[in-house]
Amino acid sequence: MINPDQNINELLRQKFQDFEPVPPEHIWDNIEKTLDAKKGFFWGNRKYYAAAVFLIALFSIGYFGLYSTSDINVLSNIEEQEIIYQEKSIVEKEIISESTEIIAEKAVDNGETETIEKPEITEKIIIESVIVDDKTENNVSVSQEKKINDIEKLGLFELQDGFSKPSNNLTIENMNTLSISNIYSLSYGQPYSKNEEIFSEKSNKNNNGHWENTIFINPEFSLTNLDSVTILNSYSLGVETSRFFNENWFVRFGINASFTGDKGFAKIDYLSIDFMGTYDDVYDVTFDTISGVITPFYHTKTVEVWDSIRHISVSEVTNRYLFAQVPVLLGYKNKIGQLNWYVYSGPAIGFQVAKWIDEPSVEGKDIEIIDLDNRLPVRSTVNYQLWIGAGIEYKLGRSTAIVLEPSYRHYFKSLYSDADYKFNTSGFALRLGFNYKIGH
Amino acid sequence: MKIDKAFITRLQNKDRKTQLVFYKFLSAKMYGVCLRFANSRDDANDILQEGFIRVFKHINDFRGEGSFEGWVRRTIVNTAINFYKKEKKRGYRVELDYVKKKYISGESAIEKISFTELLNIIRELPNGYRTVFNLNVIEGYTHKEIGKILNISENTSKSQLSRAKSSLQKKLLEIKTKENID
């Protein structure tokens, strides 16, 4: 027995199987608006967010670099005071044997003219002290002794023969307890008026934080093979600035103009009026009698045959682009001597500045293109990369060097906006650079 | 139109043109589903809109297991169910009493009446009945599955379906009787 329930179910199912009413048109508009709104909130503006993040990063690095310079200089001066002290021990011996008071008097006598020429911060403070000291000799010895004692109390310096000398307890950690004024006042312990040339030279050498500017030129070879696209080598010219925070670690940022391109094919389906050949058209026949025989004469004309022929041609197309690449890289440099090596890694953004898109065409007259299928995708306006590289630096002089950098670049986002070409690509670049060091 | 892997990849890449092609291809079929689940045409429009947004948004969740159209259909059905779950929170109650089955032949009426008439009959069912009816009879879900989806017991689902069918058959009989009189 057939279950009537089953029958109704089946009937209803069949009835609704072909039920496909057309929805109102405004629904798609609403869907599109909602998708755009969600996209627009973040993803629609991601290139601007990325640019903003990069700018903030650049300014932060610049600000941090400049801000930290003075602190680094001061700390590195203090760190190496002991070395300076030992190196100059022979010169200082004669002066050390004198009392503090006598040295102060000497400074009053001849210190101003000698020290005022030097713009070093430590020496400037000495001048101020000397001016105060000029009023009364007693004040000199009291104020000077007090400062030395303050420093002594910290346990970081010891008084030896009337001069402050960094103690063994002096470390970077306990340096936090030392005020800048106290650090500067260490100059009291130095035989400043006699050895300023040596001291100045040494203090210059103490500075490890510095800037380096490098001009790079490099080819980049793609490591990615695509079926219908050949990624051409790109050539870059750029300037990058490195900020060294100490002897080894640095942050590098800059801008590179990169000229690149793609080669591919376009399929062109077209009609052309082609010459097919000729034939002799008999337009008249006459008869004549030759030697008693009736002979027909065919009067002909040559007719050219042209026809509309459909062709499919494959045309090579090349698109070229100019990108501005902005890297922010963190690196480590190992200084050996004249030949140094370093490694670095970091993100980079490429902004499309200009593009030259090839239009496929067919030579000839009377051509009618039926269909054009350009298989060469157009590149996106922004791409994101990860740079990993190493370099060898050969010093040409105190401030100049040439560098050679092999580097690997991974492109996170597809280079192309076309949905069919969503591939992560990678490249190998060999960079040749000229490096100029600014600062000490 | 063939929905192949490349097409789904383009959808996953949020290509707008592909999304439009896809919408045009399936919207009518899915609109039919929405109309069956919805109280009104306006509700059906909202469900269709919300459903396709969910499809586009969660397209990456499709793992390639089973038919893609089936996945879309399930997403639309879930959207419809959630749509009325919100309504349920606003005061809808499920009646749990047992209904004695009465088989009334409505087969010929089903064959004769138009989609619109049939749709109107289904729409007149209370939300709970209609949902269970649609899920079981048209979409082919079992009572166990329905129970899980709607967060009701299996017996409740059966009870709801009986009531829905009873109500539907009554309406169909009315139509049949009216036709005979005419």
Side-chain angles (χ1 to χ4, degrees), chain A residues 1-47 226-228 373 375 377-380 383 412-424, chain B residues 6-7 9-20 23-24 26-36 41 44-46 48-53 55-57 101 103-111 113-116 118-119 122 133-134 136-140 161-162 165 168-169 172:
Chain A
M1 184 188 161
I2 298 168
N3 186 348
D5 205 15
Q6 288 280 341
N7 280 347
I8 290 174
N9 288 358
E10 195 55 41
L11 277 170
L12 283 167
R13 215 170 281 149
Q14 281 174 1
K15 189 92 181 172
F16 280 114
Q17 205 166 28
D18 303 322
F19 182 48
E20 295 184 8
V22 179
E25 283 185 10
H26 73 268
I27 293 180
W28 170 251
D29 296 336
N30 292 345
I31 291 170
E32 202 172 20
K33 275 179 196 170
T34 311
L35 292 173
D36 282 341
K38 281 174 183 172
K39 192 180 175 184
F41 180 72
F42 178 78
W43 296 106
N45 294 319
R46 59 185 162 181
K47 67 178 76 169
L226 302 174
D227 288 341
S228 55
D373 181 16
R375 299 285 176 90
V378 177
R379 290 205 184 184
S380 306
N383 61 60
F412 287 110
K413 191 188 161 196
S414 171
L415 288 175
Y416 308 100
S417 48
D418 194 317
D420 287 336
Y421 291 86
K422 293 289 178 193
F423 303 102
N424 290 338
Chain B
F7 187 86
T9 307
R10 283 201 294 275
L11 279 176
Q12 287 172 335
N13 290 328
K14 319 282 184 203
D15 182 66
R16 184 52 48 82
K17 282 180 187 171
T18 313
Q19 285 177 338
L20 178 59
Y23 173 80
K24 282 184 176 171
L26 275 184
S27 60
K29 201 175 271 185
M30 295 306 139
Y31 193 46
V33 175
C34 296
L35 283 169
R36 274 192 291 105
R41 196 166 278 270
N45 293 349
D46 288 347
L48 185 73
Q49 184 180 316
E50 207 178 312
F52 267 96
I53 289 167
V55 166
F56 292 136
K57 202 176 163 187
K101 285 183 180 179
Y103 294 110
I104 303 163
S105 176
E107 293 170 32
S108 58
I110 292 171
E111 284 165 350
I113 62 170
S114 67
F115 280 122
T116 316
L118 190 57
L119 207 60
I122 293 171
F133 173 81
N134 272 318
N136 181 268
V137 176
I138 315 292
E139 303 297 333
L161 184 66
S162 296
K165 279 183 179 172
L168 197 65
Q169 283 165 347
L172 288 170

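By convention in this document, chain letters (A, B, ...) are assigned in the order of the sequence lines, proteins followed by strands, and residues within each chain are numbered from 1.
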**OP:** May I ask you to name which of B/T18, B/L20, B/D15, B/L119 has the most heavy-atom pairs under 4.5 Å with chain A?
**Re:** B/L20
Original post:
Atom CZ of B/R16 and atom CG of A/L35: how far apart are they, to the nearest 0.5 Å?
Top reply: 5.0 Å
**OP:** Would you mind checking which part of B/Q12 comes under 4.5 Å of any heavy atom in chain A, side chain (CB onward), backbone (N, CA, C, O), both or neither?
**Re:** neither
Original post:
Can you tell me how far the CG atom of B/N45 sits from the NE2 atom of A/H26, to the nearest 0.5 Å?
Top reply: 5.0 Å
Original post:
Taking the side chain as C-beta and beyond, is there a heavy-atom pair between A/I31 and B/F56 under 4.5 Å?
Top reply: yes
Original post:
Are any of the side-chain heavy atoms of B/S27 and A/I27 separated by less than 4.5 Å?
Top reply: no
Original post:
Taking atom CG of B/L26 and atom CD of A/E20, what is their separation to the nearest 0.5 Å?
Top reply: 8.5 Å
Subject >> Partners passing side-chain contact (heavy atoms from CB on, under 4.5 Å) against A/P377 (at least two apart in sequence or in another chain) >> reply: A/V229, A/Y416, A/D418, A/Y421
Original post:
For A/P24 and B/Y23, which heavy atoms make the closest approach, and how far apart are they?
Top reply: O-OH, 4.3 Å
Subject >> Set of residues satisfying side-chain hydrogen bond (donor to acceptor under 3.5 Å, both in side chains) with respect to B/E139, sequence neighbours excluded >> reply: B/R36, B/R73
